[in-house]
There are 2 protein chains.
Amino acid sequence: MEPLQVIAAPRRMRILELVWDRELAAGDIAAEFDVSWSAVSQHLTVLKKAGFLVERREGTSRFYRADKEALGPLRAVVEDHWRTSLLRIKHLAEEEECSK
Amino acid sequence: MEPLQVIAAPRRMRILELVWDRELAAGDIAAEFDVSWSAVSQHLTVLKKAGFLVERREGTSRFYRADKEALGPLRAVVEDHWRTSLLRIKHLAEEEECSK
DNA sequence: TCCTTATTTTAGATGCAGCTAAATTAAGAT
DNA sequence: ATCTTAATTTAGCTGCATCTAAAATAAGGA
């Protein structure tokens, strides 16, 4: 899958944020969403195949963390996304308001 | 629409490349694809609403060009995409050469 | 060995981004 | 006025990315 497509999915973008500077077990990641573990696991697979996530196994658990270097120019996009997300959502809401 | 979603569509990425450092009429852009003008027009609308394209009207024609500054960190992603496309074409050409 | 915990994999369902076709707008030429 | 060219808008269709549910895998304890 194309790197850009990999990070374009909102759920995957959020997963990257969660494991940006700490390791998290798959279950702890899944707990952050109100979708099935299965769905989250499938996203983790996509991110891992793209090389954006590194996996460490310990017992029955699997821990993930972001590989920032692997993102290349997308790294700045990901970091900017979080910085501006609140602001952007506010603007989108205002546009909605105007079109009423 | 979220900026990342806007450039994540391959067709829109290609459109941006076409008008990266020249102005092009909507029809000339559409001619580059084997989809309907309508489809291309809809992509132009998305890009324009995101602020990534500027429009200039002249007679019945509408000319578009990329607004590089508006892309922010996405600019590097687009340029990287373009660069790797050229590389891919070059490699394909070399393979052609070898097989002669 | 069987159970539990943690997670993935498979198979099938669903929503929506992107498409087509047809109607519409807009400007200029005849 | 009508026709042509250039492009957009609208309405409806389709494929695929993402989702759920259920079965499978894998490691560790009782």
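Because the structure is a prediction, the values reported are computed rather than measured. Any value given below was found using the heavy atoms of this structure, including those in side chains, with hydrogens, waters and symmetry copies removed. Chain identifiers are assigned alphabetically (A, B, ...) following the order of the sequence lines, protein sequences preceding nucleic acid strands; residue numbering begins at 1 within each chain.
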Quick note, salt bridge (Lys or Arg N to Asp or Glu O under 4.0 Å) partners involving residues 35-44 of chain B, not counting sequence neighbours, are none
Considering residues at least two apart in sequence or located in another chain, which fulfil the side-chain hydrogen bond (donor to acceptor under 3.5 Å, both in side chains) criterion with B/Glu23?
B/Arg56
Review item, nucleotides 27-30 of chain D N/O atoms under 3.5 Å of protein N/O:
none

Tell me the interatomic distance from A/Glu55, atom CD, to D/dT25, atom P, rounded to whole angstroms.
17 Å
Flag the pair A/His81 / A/Glu17 as yes when at least one side-chain heavy-atom distance between them is below 4.5 Å, and no otherwise.
no
D/dT8 phosphate, OP1 or OP2, under 4.0 Å from B/Tyr64 side-chain N/O:
yes
With the threshold set at under 4.0 Å for non-hydrogen atoms, list the residues of residues 21-30 of chain A touching DNA chain C in residue-number order.
A/Ala25, A/Ala26, A/Gly27
Heavy-atom contacts under 4.0 Å between residues 34-46 of chain B and DNA chain C, which residues?
B/Val35, B/Ser36, B/Ser38, B/Ala39, B/Gln42, B/His43
Using a 4.5 Å cut-off on heavy atoms from C-beta on, say whether the side chain of A/Leu18 contacts that of A/Arg22.
yes
Those residues of residues 4-14 of chain A lying under 4.0 Å from DNA chain C by at least one heavy atom
none
Among residues at least two apart in sequence or on other chains, which ones pass side-chain hydrogen bond (donor to acceptor under 3.5 Å, both in side chains) with B/Asp80?
B/Arg83
Residue list, side chain to side chain contact (heavy atoms under 4.5 Å, CB included) with B/Val6, at least two apart or on another chain
B/Met1, B/Arg12, B/Val46, B/Leu47, B/Ala50, B/Phe52
Heavy-atom closest pair (B/Pro73 atom, A/Val77 atom, distance to 0.1 Å) is O-CG2, 3.7 Å
Which residues satisfy the ring-ring contact (aromatic ring centres under 6.0 Å, His included) test with A/Trp20, sequence neighbours excluded?
A/Trp82
Donor-acceptor contacts under 3.5 Å from residues 31-40 of chain A side chains, at least two apart:
from: A/Glu32; atom 1: OE1; to: A/Arg14; atom 2: NH2; distance (Å): 3.4
from: A/Ser36; atom 1: OG; to: A/Ala39; atom 2: N; distance (Å): 3.2
from: A/Ser38; atom 1: OG; to: A/Gln42; atom 2: NE2; distance (Å): 2.9

Rounded at 0.5 Å granularity, tell me how far CD1 in B/Ile7 sits from CG in B/Leu74.
4.0 Å
Interatomic spacing from CG in A/Leu16 to CD in A/Glu79 - rounded to 0.5 Å:
11.0 Å
On a heavy-atom basis, which atom in A/Ala8 and which in B/Leu4 lie closest, and how many Å separate them?
CA-CD2, 3.9 Å
About how many Å separate OG1 of A/Thr45 and NZ of A/Lys49, when rounded to the nearest 0.5 Å?
6.5 Å
Please report, to 0.1 Å, the donor-acceptor pairs under 3.5 Å made by any side chain of residues 61-68 of chain A, with sequence neighbours excluded.
from: A/Tyr64; atom 1: OH; to: A/Glu55; atom 2: OE2; distance (Å): 2.9
from: A/Asp67; atom 1: OD1; to: A/Glu69; atom 2: N; distance (Å): 3.4
from: A/Asp67; atom 1: OD1; to: A/Ala70; atom 2: N; distance (Å): 3.4

Just the endpoints, please: which first and last nucleotides of DNA chain C, 5' to 3', lie under 4.0 Å from a heavy atom of chain A?
C/dT5 to C/dT10
Working to the nearest 0.5 Å, report the span between CD1 of B/Ile15 and CD1 of B/Ile29.
6.5 Å
